[in-house]
Structures are given as structure tokens and as C-alpha cells.
Amino acid sequence: MLAKAITVVESTLPQDQQLAGQVLDAIVPHTGKSLRIGITGAPGVGKSTFIESFGKTLTASGKKVAVLTIDPSSQITRGSILGDKTRMQELAKEPLAFIRPSPSGHTLGGVSTHTRETILLCEAAGFEIIIIETVGTGQSEVAVKSMVDFFLLLMQSGSGDELQGIKKGIVEMADAIAVTKADGKNLQAAKAAQADLQTALHLQQPQPSGWIPRVMTCSAMEGKGLAEILAVIEKFQKQLSTTGYLLANRQTQHNAWFQEHFSYLLSIDPAQFPEVGKAQTRLKDLVQSREISPRNAAHQLLDVYHDAVKAQS
Ligand SMILES: Nc1nc2c(ncn2[C@@H]2O[C@H](COP(=O)(O)OP(=O)(O)O)[C@@H](O)[C@H]2O)c(=O)[nH]1
Ligand SMILES: [Mg+2]
């Protein structure tokens, strides 16, 4: 049922739009009860492996976990979606887990709208933890940050410059950083990276929420550090629920989503719809033969355009 609802909401077919709107309105009173966690990091840092191990830790404790992925580049390569699917095979077998790759939208804006709606659907379906995986390219981070409660950045040691490949702005967005692959001969380097990052974070402006970002190490392969990361996330949830920040942040996010979507609807160019062009030609003829007033023709053309926008978004 959940997978079907997501498919309807992601659909670009005109005949699905009304149903999608009805489904979302029906479920929205039942949303908001999950903890939404964004996970980012450079390709290869170990996000999918981490989510699989971490997700299994969560399902083992009886929690229902949904995993969604945002990866704008995957629309070109398709590679990471297939990769994620195979890599999260074990988690996918868990009855308490639900895994959904990102839809094939044309724009990041479209992808994030769908992801936000999918979050709501998962919440209404009773998922308590929703994990959103994104690739550390900058643009998608900002989108994911705007739809989650907790933002976890995964980094890898051994690059010499620990911040290499990740923009400083992403580090500033993180509520926690986990240095991955802290196992085998990598363990010492991971510990050193943890210390370096902790120092770097101390120099940062404090977060508006009052939360102090933590730096940890983990090994998804050995299952180490996962319980500690969960403990930090639970502490965050407890602390920011008490102060009311979590709820206020959600409200700010939803209002921004509303405004953003409205701007998006206003930005859709009439010229991109063939049906608008056709109606324009037809109405022009009617105006010229004086069968319709120019004013009425303009209103009718606007109606055609509005219908086309509705069918698309
Ligand atoms: N040693 C070690 N390797 C890991 C760990 N987690 C992931 N890897 C490896 O790192 C590579 C990239 O992992 P993947 O999860 O696909 O990274 P993603 O691109 O960030 O999703 C794979 O070859 C994994 O086997 C870990 O905890 N320890
Ligand atoms: Mg991945």
C-alpha cells in the first residue's frame, strides 16, 4: 500500500494528480511522528553500508525504519540506485524496514518535493525512523537539511586533508560527524581524524538550536560505534524536544516547503506546454473572426495553462 501510494505521488501522469492530492491530504494529519535523519558524505565514504548496519541495529530494537535516497546524479548514471539496492539487500529483508530509491525527476526541486511527500507517507504508515541518503555534492545537502531533524555527515580518514572533497558549508550543517571505516589498519587514522574534526568544530559558531555537534568514529563492517551514534541522536531528540526547537524547526521547514512549491508553480513557463500553444492558435483565430472577445480568449488560455500545470505538478 505504501509503495503504491508513493508511486501515485511521484507520478507525472495527469490522471494521477487528483488522487495524489487526495492521498496526501488524507494522510497529513497522521504525519510528524518520526525522527527524520539525513545522511550525507562523498561517494564511497560508506553511506549505504552504514545505513544497512545502522538500520539493522534499529530494526533489531523493534523500530520501523524507512530509507529513502536522493541522488540527482543517478538520473544520468543510474549506477548508485542499482548499487544501493544491492548493497542494502540485507536490510531490505527485514520486515520492519522499507527501502525506496529516489524517483527519476528532471530537477533537484522535483526530486526533493517527491522525497518530502514520501517522508510524509512513510510517517503515516507508522515508520518511526526515516533515513534519507544523499551524495555530498553540495546542492542536494541543502535540500536534505531542509527536510530532516538530524543531519549526519560521514567522512573518511586518510585523505591528508580531512576536509577534502567536502565543502566547509556541509560540515557546518552537520549535527554529528562520523569518521567511517574505523577498523583494521585504518583505526588509528580514523581516531586522528576524529580529533582533528573535533578541533575544527570547536572553532565554529554555535548552532541556533544550542546543540553541540559531536564527532565519532564507526565501522559499519564490524558494527562498531553504531550504538554510540544512536545514543547521540536520541540525546539530540530529547534535548531539542524539551526546548521546543524540534517542533519549531519542522514548522519552519513545512512553511518553506509551501512557499517553495508555490514559487515553483509560478515559475513554470507556459511556452513549455504544447497544449497551451495549440489553444493559443485556436483562440487567436476565434478572436480574429470575432467569435470570442479578446478578454474571454485570454481567460480561456489561462485555464488551459492552469490545467497543464496541475497535470504536471
Ligand atoms: N573497511 C571498511 N570498509 C567499508 C566500511 N563501510 C563501507 N566500506 C567500503 O567502502 C566502499 C563504499 O561503500 P558504500 O557504502 O557503497 O559507500 P557510499 O557510496 O557512500 O554509499 C565499499 O567498498 C564498502 O565495502 C567499513 O566500515 N569498513
Ligand atoms: Mg551509496
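Each ligand, and each atom within it, is numbered from 1 in the order the structure gives. Model, not experiment: these values are computed from the prediction.
- The ring pair (Phe, Tyr, Trp, His ring centres under 6.0 Å) check on His254 picks up Trp257, with sequence neighbours excluded.
- Distances from ligand 1 to the non-hydrogen atoms of Thr180 include no value under 4.0 Å.
- Proximity of a side-chain donor or acceptor of Thr31 to a complementary backbone N or O of Ile27 within less than 3.5 Å is not detected.
- Relative to atom 7 (C) of ligand 1, the option among Ile39, Thr49, Leu226 with the closest non-hydrogen atom is Thr49.
- In terms of modelled atom types and a separation under 3.5 Å, the side chain of Asp183 and the main chain of Ser219 share no donor-acceptor contact.
- At a 4.0 Å heavy-atom cut-off, ligand 1 touches Asp183 through the side chain alone.
- Using cut-offs of 30° and 60° on the angle between ring planes, the pair Phe127 and Phe98 is tilted.
- Near Lys47, meaning under 4.0 Å from any of its heavy atoms, are these atoms of ligand 1: 15 (O), 17 (O), 18 (P), 19 (O), 20 (O), 21 (O).
- Distances from atom 12 (C) of ligand 1 to the heavy atoms of Gly44, Pro43, Gly225 put Gly44 nearest.
- In terms of polar-atom proximity, defined here as any N/O pair under 3.5 Å, Cys218 makes no such contact with ligand 1.
- The environment of CD in Gln18 is sparse: at most 12 heavy-atom neighbours from other residues, nucleotides or ligands sit within 6.0 Å.
- Backbone or side-chain N, O or S atoms of Thr69 do not reach the Mg ion (ligand 2) at under 2.8 Å.
- Heavy atoms of Glu133 found under 4.0 angstrom from ligand 1 belong exclusively to the side chain.
- Defined by atom type and a distance below 3.5 Å, a donor-acceptor pair is present between the side-chain atoms of Ser146 and Arg116.
- The Mg ion (ligand 2) sits nearest to atom OE2 when only the N, O or S atoms of Glu133 are considered.
- Per-residue contacts place Ser219 under 4.0 angstrom from the following atoms of ligand 1 (heavy atoms of the residue considered): 27 (O).
- Residue contacts with ligand 1 do not include Gly41, since none of its heavy atoms lies under 4.0 Å from the ligand.
- Ile39 places none of its side-chain heavy atoms less than 4.5 Å from the side chain of Ile132.
- Side-chain N or O atoms of Trp211 include one that pairs as donor or acceptor with a backbone N or O of Asp175 at under 3.5 Å.
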